[in-house]
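Below is one structure; the comments refer to it alone.
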Amino acid sequence: DKDTNEYVVDVELLQKRHQTMDDILYPQYLRFHTKDFEIDDRVARSYTLTKIGNSVNTDFLYSIYSMDAELVIAVDLNGMESEDAIKKLNIKYSQMLAEVNDKDGFQTLEQVSEQESVLDMQDAILNRDEKSYNASVVVTLFADEKKQLEELQQQVYAKAKRYTCGLEP
């Protein structure tokens, strides 16, 4: 309904077309499985970005976007209040220090870099009025057959690993 901005189902039109609400909610051309789903004769799988570092280089998403594959990337950004962002960064930094203490003070270069990144982010929020965001990223790959989908999945996993991100179906 354009006036109320609500979705309205025309039951009479459905009946004329010999359809039911199930045809809208569960169309026959869309079938779901444990890891993937089918749309007509195509197979697809969605992945959520996990194990995100303190910041994600936009090159990561571009490297996936530039693959020779049919895909959809959905990104949802939600700004955080500065106070909440600082609390979150403090917790993250404390966890990093605890992890170092558990290993008798041994740190990898990656851990040192990540700690510096957290401190830089805190400084940017406190002193340069920058914002912090919660990001949700979903990547959906489409293929003609499952074997092709598995090959694409390996390519995406390799790219995620290169940028120290994780993807989970």
Side-chain angles (χ1 to χ4, degrees), residues 1-2 5-11 13-80 85 88-89 91-92 95-96 99 103 107-118 120-121 130-169:
D1 188 334
K2 292 179 184 177
N5 214 15
E6 294 180 5
Y7 187 77
V8 179
V9 176
D10 186 341
V11 177
L13 181 61
L14 280 177
Q15 289 173 345
K16 287 179 184 175
R17 293 181 177 172
H18 304 290
Q19 295 177 324
T20 67
M21 284 295 291
D22 284 352
D23 294 316
I24 295 172
L25 298 173
Y26 313 106
Q28 292 179 357
Y29 61 87
L30 186 61
R31 293 174 299 284
F32 291 94
H33 304 286
T34 304
K35 286 185 175 181
D36 45 34
F37 56 97
E38 296 176 46
I39 300 174
D40 289 325
D41 59 347
R42 311 246 358 215
V43 64
R45 187 172 297 158
S46 292
Y47 306 86
T48 55
L49 187 63
T50 61
K51 288 178 26 182
I52 302 172
N54 296 319
S55 60
V56 177
N57 186 326
T58 55
D59 291 343
F60 166 66
L61 291 177
Y62 181 76
S63 72
I64 292 175
Y65 172 77
S66 61
M67 289 176 50
D68 185 21
E70 185 180 343
L71 56 86
V72 174
I73 300 174
V75 179
D76 180 35
L77 295 174
N78 295 303
M80 295 177 65
K88 194 172 185 177
L89 288 169
I91 291 169
K92 176 82 172 168
Q95 290 170 339
M96 289 175 177
E99 191 176 305
K103 295 180 181 176
Q107 289 182 291
T108 65
L109 290 175
E110 184 179 316
Q111 288 171 317
V112 171
S113 175
E114 193 172 358
Q115 287 174 356
E116 290 172 355
S117 177
V118 167
D120 288 344
M121 288 173 65
E130 290 190 18
K131 289 282 272 175
S132 182
Y133 293 88
N134 285 321
S136 300
V137 179
V138 177
V139 177
T140 303
L141 297 172
F142 297 87
D144 291 327
E145 54 188 46
K146 281 195 177 193
K147 182 179 179 183
Q148 182 185 14
L149 187 63
E150 298 292 333
E151 291 169 1
L152 291 172
Q153 175 180 295
Q154 293 309 312
Q155 291 176 38
V156 169
Y157 281 167
K159 291 175 185 299
K161 187 175 180 179
R162 178 177 169 211
Y163 290 96
T164 63
C165 297
L167 286 171
E168 293 183 8

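Hydrogens, waters and symmetry mates play no part in the numbers below; they use all other heavy atoms, side chains included. Keep in mind the model is a prediction, meaning the values are calculated, not measured.
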**Report entry** Closest non-hydrogen atom pair between K146 and V43, with its separation
**Finding:** N-CG1, 3.8 Å
Query raised in the report: Which residues satisfy the side chain to side chain contact (heavy atoms under 4.5 Å, CB included) test with D76, sequence neighbours excluded?
Result: N78, S136
**Report entry** CA sep, side-chain torsions, deciding dist, call: L61, V75, side-chain contact (heavy atoms from CB on, under 4.5 Å)
**Finding:** CA-CA 10 Å; L61 291 177; V75 179; 4.2 Å; yes
**Report entry** Qualifying salt bridge (Lys or Arg N to Asp or Glu O under 4.0 Å) pairs, either residue in residues 148-169, two or more places apart
**Finding:** R45-E150
**Report entry** Considering all heavy atoms, the nearest V156-I64 contact
**Finding:** CG1-CD1, 4.1 Å
Requested in this report: Determine the minimum heavy-atom distance between L71 and I73, stating which atoms define it.
Outcome: CD1-CG1, 3.7 Å
Query raised in the report: I91: what forms a side chain to side chain contact (heavy atoms under 4.5 Å, CB included) with it, not counting sequence neighbours?
Result: Q95
Query raised in the report: Which residues pass the ring-ring contact (aromatic ring centres under 6.0 Å, His included) test with F37, sequence neighbours left out?
Result: F32
Query raised in the report: Where is the tightest heavy-atom contact between L149 and A44, given as atom of each residue plus distance?
Result: CD2-C, 4.0 Å
Query - Spacing of OG1 belonging to T140 relative to CG belonging to D36, to within rounding of 0.5 Å - result: 11.5 Å
**Report entry** side chain to side chain donor-acceptor pair (under 3.5 Å) against E70, all qualifying residues, sequence neighbours excluded
**Finding:** R42
**Report entry** Listed partners of H33 passing side chain to side chain donor-acceptor pair (under 3.5 Å), at least two apart
**Finding:** E38
**Report entry** Heavy-atom side-chain contact between T48 and V137 under 4.5 Å
**Finding:** no
Query raised in the report: Under the side chain to side chain contact (heavy atoms under 4.5 Å, CB included) test, which residues partner Y157, sequence neighbours left out?
Result: Y47, Q153, Q154, L167, P169
Query raised in the report: For D40, which residues count as a side chain to side chain donor-acceptor pair (under 3.5 Å) partner, sequence neighbours excluded?
Result: none
Report task. Please assess F142 against I39 for the test side-chain contact (heavy atoms from CB on, under 4.5 Å), listing each intermediate value before the final yes or no. Result -> CA-CA 9 Å; F142 297 87; I39 300 174; 3.8 Å; yes
Report summary line: Taken in chain and number order and not counting sequence neighbours, the residues that satisfy side chain to side chain contact (heavy atoms under 4.5 Å, CB included) with D68 are none
**Report entry** Sequence-distant partners of Q148, side chain to side chain donor-acceptor pair (under 3.5 Å), two or more places apart
**Finding:** none
